[in-house]
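These numbers come from a predicted model, not from an experiment.
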Amino acid sequence: MSTLHAKAAEAYQLRPEVVERHDKTFFGVREKRDRMAKALPEWEDLREAASQIKKHTVTHLADYLEQFEQAATRNGVHVHWAKDAREYNDIVYDILQSHGVKKVVKSKSMLTEECHLNRNLEQKGIDVVETDLGERILQMMKLAPSHIVMPALHVHREDIGKTFRSLIPNFDDIAKGYTAPVGYAAQPAQLQDPNDPTFLTYVARMHLRQQFMEAGAGMTGANFGIAETGDVVVCTNEGNADMSTSIPKLHIVSMGIEKLIPNYKAMGVFQRLVARCGTGQETTVYTSHFRGPRPGGEMHIVLVDNGRSSILGNAEHWQTLKCMRCGACMNTCPVYRRSAGYSYTYFIPGPIGINLGMLRDPLIYSDNVSACSLCCSCDNVCPVKVDLSTQVYRWRQQLDLFGKADKMKKAMSQGMSFLFGMPAVYKAALWMSPAVNWLPDALLNNSMNPWAYGHKMMKFPKQSFHELWKKQLKYER
């Protein structure tokens with residue numbers, strides 16, 4: 001039985017040139033991460049420190065949440081609590097409605113994706129504008145993110161150019177004001193490539209500048225919340241979070257309760273890890289700290305649970321709360337790199353997405369657990385040492401409990417259990433196995449044989465491993 005992920009991945013494989021590009025792009029980011037890690041002799045000490053800090057924080061979460069709320073309130077911030085996505089969406093809408101806001105500019109936030117905030121606000125007549133360049137491209141194309149840090153890296157520039165020309169009303173007027181850097185043509189009409197990335201970035205910048213000016217509120221996510229001071233820290237490479245909060249006087253922060261860390265000393269550890277792991281940079285271009293409202297403005301922080309308390313109570317899977325969403329596990333994952341983000345059924349793909357989806361609803365997202373080779377590379381690159389592959393393995397062992405185990409695999413497992421439990425039968429099967437090599441190809445490489453799906457049936461060796469091992473022992477004696 002093929003899973004939804006397997007079917008989607010198979011369809012993706014029909015475009016080998018796209019697969020190759022996707023694979024090389026994200027493994028290139030993984031290689032940058034490795035270079036950054038090797039440049040720091042204390043790298044493994046940083047990972048261990050980060051892991052222990054997150055472990056301490058999430059296991060004392062109630063205390064740190066109270067401390068954070070008290071500090072933020074002293075700073076003049078309004079703090080709200082949302083137990084689930086519905087309550088979160090209602091809180092955000094009520095804040096916007098009470099201020100008469102009709103347009104919101106927002107920086108990238110996977111929490112808003114998790115809670116479907118954009119859709120809910122748009123249904124109630126509020127225009128939501130993503131300001132992260134990748135997110136804005138996907139929003140205009142009506143696509144979901146394919147990666148949590150580089151959401152539109154899979155989109156071709158030709159498609160971006162076509163989208164901009166059709167959906168940005170004043171595209172031609174913006175283009176007339178473009179002056180290219182040295183080495184480029186002076187005007188877009190003279191560009192050899194009308195989808196030149198520098199030109200399209202300029203168009204996006206001018207388009208978003210107008211959105212910032214028109215917006216009545218700005219929204220950001222939160223990479224970290226500092227419990228001791230009530231600060232919210234947002235890391236970006238484009239400065240869009242700063243623009244979203246510098247022009248509108250109303251600032252709303254969406255923060256999952258697991259984003260807390262104790263103090264600025266801890267922040268120093270994570271700041272050295274997050275960009276190096278996620279994008280292969282020493283640090284993000286902008287690391288913005290928001291402690292209180294701007295003069296004459298308001299700042300609201302919405303602390304969202306939405307199942308996180310339940311995860312904390314899960315003895316086998318609580319470590320997913322340590323994740324700081326750097327995306328390193330996706331960049332290294334051979335399955336993600338060659339099947340891409342849209343093949344997963346949960347909105348977060350890759351190793352961390354497999355586990356988060358199962359924690360959300362194992363009956364809906366169980367097909368994703370097959371999207372793992374158990375190579376453990378994700379464990380080795382995770383900056384906070386989340387045991388991702390171990391958790392995936394645990395989920396696989398529980399599939400039968402959910403009624404989601406593959407029938408063919410169950411039958412094969414039962415057959416192997418019988419075979420390995422009967423030494424005489426096992427030895428007989430080994431002795432007879434080379435005879436399979438003489439069977440007609442049509443009997444072996446067909447749909448009835450799962451092993452033959454995707455590759456030809458193997459050739460059985462004349463001698464088994466046991467026989468070779470006995471000969472080796474005899475030779476050594």
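- Across all non-hydrogen atoms, the minimal contact from Ala222 to Val253 is CB-CG1, 4.1 Å.
- For NZ of Lys385, the number of neighbouring non-hydrogen atoms (other residues, nucleotides, ligands) closer than 6.0 Å is greater than 12.
- Atom OH of Tyr393 has 12 or fewer neighbouring heavy atoms from other residues, nucleotides or ligands inside a 6.0 Å radius.
- In summary, the side chains of Lys322 and Ser51 do present a donor paired with an acceptor at a separation below 3.5 Å, with no hydrogens or angles considered.
- Between the side chains of Gln210 and Glu214, a donor-acceptor pair is found at a separation under 3.5 Å.
- Although no hydrogens or angles enter the test, the distance criterion places no donor-acceptor pair under 3.5 Å between the side chain of Asp231 and the main chain of His289.
- Defined by atom type and a distance below 3.5 Å, a donor-acceptor pair is present between the side-chain atoms of Glu130 and Asn118.
- The OG1 atom of Thr57 sits 10.5 Å away from the CD atom of Gln52 when rounded to the nearest 0.5 Å.
- Looking at Thr245 and Ser107, their side chains never come closer than 4.5 Å, going by heavy atoms from C-beta outward.
- Using cut-offs of 30° and 60° for the angle between ring planes, the Phe171 and Phe199 rings count as perpendicular.
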Inset, instruction - Take Glu238 and Val285 through the side chain to side chain contact (heavy atoms under 4.5 Å, CB included) test and state the conclusion after the steps. - result: CA-CA 7 Å; Glu238 301 170 17; Val285 178; over 6 Å; no

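- Atom OG of residue Ser370 and atom CH2 of residue Trp395 lie 15.0 Å apart, to the nearest 0.5 angstrom.
- Two residues are said to be in side-chain contact when any heavy atoms from C-beta on lie closer than 4.5 Å; Ile168 and Met140 meet this criterion.
- Atoms OG1 and NZ, from Thr112 and Lys106 in turn, are 3.0 Å apart once rounded to the nearest 0.5 Å.
- Heavy-atom minimum distance, Gly216 versus Leu250: O-CB, 3.8 Å.
- Evaluated for a side-chain hydrogen bond (donor to acceptor under 3.5 Å, both in side chains) with Asn331, the options Arg33, Arg337, His147 yield exactly one hit, His147.
- Taking each heavy atom of Asn75 and Pro293 in turn, the nearest pair found is O-CD, 3.6 Å.
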Inset, instruction - Assess whether side chain to side chain contact (heavy atoms under 4.5 Å, CB included) is satisfied between Val128 and Met219, documenting all intermediate values. - result: CA-CA 10 Å; Val128 182; Met219 292 190 66; over 6 Å; no

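- Counting only N and O atoms by type, the side chains of Asn380 and Arg47 include no donor and acceptor under 3.5 Å apart.
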Inset, instruction - Please lay out, stage by stage, how Lys83 and Asp305 fare under the test salt bridge (Lys or Arg N to Asp or Glu O under 4.0 Å). - result: CA-CA 5 Å; Lys83 65 180 179 181; Asp305 188 322; over 6 Å; no

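- Residues His154 and His22 place their aromatic rings such that the two centres sit no closer than 6.0 Å.
- For the pair Met243/Leu208, no side-chain contact is recorded, criterion being any heavy-atom separation below 4.5 Å from C-beta on.
- In this structure, the side chain of Asn314 does not engage the main chain of Ser310 through any donor-acceptor pair within 3.5 Å.
- Ser377 and Thr332 are linked by a side-chain donor-acceptor pair at a separation below 3.5 angstrom, with hydrogens and angles left out of the test.
- Between the CG atom in Leu133 and the OG1 atom in Thr236 there is a gap of 12.0 Å [rounded to 0.5 Å].
- The residues Arg338 and Glu20 are annotated as salt-bridged, a charged nitrogen and a carboxylate oxygen being separated by less than 4.0 angstrom.
- Closest heavy-atom contact between Cys323 and Ile352: SG-CG1, 3.8 Å.
- Contact of the Met330 side chain with the Pro349 side chain is registered, since non-hydrogen atoms from C-beta on lie closer than 4.5 Å.
- Counting only distance, with no hydrogens or angles, the side chain of Ser244 and the backbone of Gly218 share no donor-acceptor pair below 3.5 Å.
- For Arg136 (side chain) and Val129 (main-chain N/O), no donor-acceptor pair under 3.5 Å exists by modelled atom type.
- Within 6.0 Å of the NZ atom in Lys102, the count of heavy atoms belonging to other residues, nucleotides or ligands does not exceed 12.
- The closest donor-acceptor contact from the side chain of Asn368 to the backbone of Thr345 lies under 3.5 Å.
- In this structure the side chain of Glu114 reaches within 4.5 angstrom of the side chain of Phe347, judged on heavy atoms.
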Legend entry - Audit row: Tyr88, Ser254, side-chain hydrogen bond (donor to acceptor under 3.5 Å, both in side chains) steps and yes/no: CA-CA 9 Å; Tyr88 162 73; Ser254 304; 2.5 Å; yes

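- Side-chain N or O atoms of Arg209 include none that pairs as donor or acceptor with a backbone N or O of Arg205 at under 3.5 Å.
- Between Ser343 and His5, the closest heavy-atom pair is OG-NE2, 3.1 Å.
- Using bins of under 30°, 30° to 60° and over 60° for the plane-to-plane angle, the ring pair Tyr336/Phe26 lands in the perpendicular bin.
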Inset, instruction - Please test Asn237 against Gln281 for side-chain hydrogen bond (donor to acceptor under 3.5 Å, both in side chains), starting from the C-alpha separation and ending with a verdict. - result: CA-CA 10 Å; Asn237 279 325; Gln281 301 168 268; 2.9 Å; yes

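- No side-chain donor-acceptor contact under 3.5 Å links His207 to the backbone of Val203.
- Open room surrounds NZ on Lys249; 12 or fewer heavy atoms of other groups in view lie less than 6.0 Å from it.
- Counting heavy atoms from C-beta on, the side chains of Met150 and Val29 come closer than 4.5 Å.
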Inset, instruction - Show the numbers, then the answer: is there a side-chain hydrogen bond (donor to acceptor under 3.5 Å, both in side chains) between Arg394 and Gln391? - result: CA-CA 5 Å; Arg394 289 173 185 152; Gln391 291 190 48; 5.6 Å; no

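- Other residues, nucleotides and ligands contribute more than 12 heavy atoms inside 6.0 Å of the CD atom of Glu44.
- In this structure the side chain of Ser389 reaches within 4.5 angstrom of the side chain of Cys378, judged on heavy atoms.
- With rounding to the nearest 0.5 Å, the separation of CD in Gln398 from CD in Glu316 is 5.5 Å.
- Looking at every heavy atom in both residues, Asp196 comes nearest to Arg157 through CA-NH1, 4.4 Å.
- In this structure a side-chain-to-backbone donor-acceptor pair under 3.5 Å is missing from Lys404 to Tyr365.
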Inset, instruction - Determine, step by step, whether Tyr202 and Thr198 satisfy the side chain to side chain contact (heavy atoms under 4.5 Å, CB included) criterion, reporting the C-alpha distance in whole Å, the side-chain angles of both residues, the deciding distance to 0.1 Å, and the verdict. - result: CA-CA 6 Å; Tyr202 170 83; Thr198 304; 6.0 Å; no

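- Here His300 contributes atom NE2 and His99 contributes atom NE2; the two are 5.0 Å apart, rounded to the nearest 0.5 Å.
- The backbone N or O of Asp132 lies less than 3.5 Å from no partner atom in the side chain of Lys108, so there is not a single donor-acceptor pair.
- A salt bridge between Asp34 and Arg30 is present, with a side-chain N of the basic residue lying under 4.0 Å from a carboxylate O of the acidic one.
- Look at Lys7 and Glu10 and you find no salt bridge, because none of the NZ, NE, NH1 or NH2 atoms lies under 4.0 Å from a carboxylate O.
- Contact annotation: the side chain of Tyr64 never approaches that of Val58 to less than 4.5 Å [non-hydrogen atoms, C-beta and beyond].
- In terms of modelled atom types and a separation under 3.5 Å, the side chain of Arg21 and the main chain of Val18 share no donor-acceptor contact.
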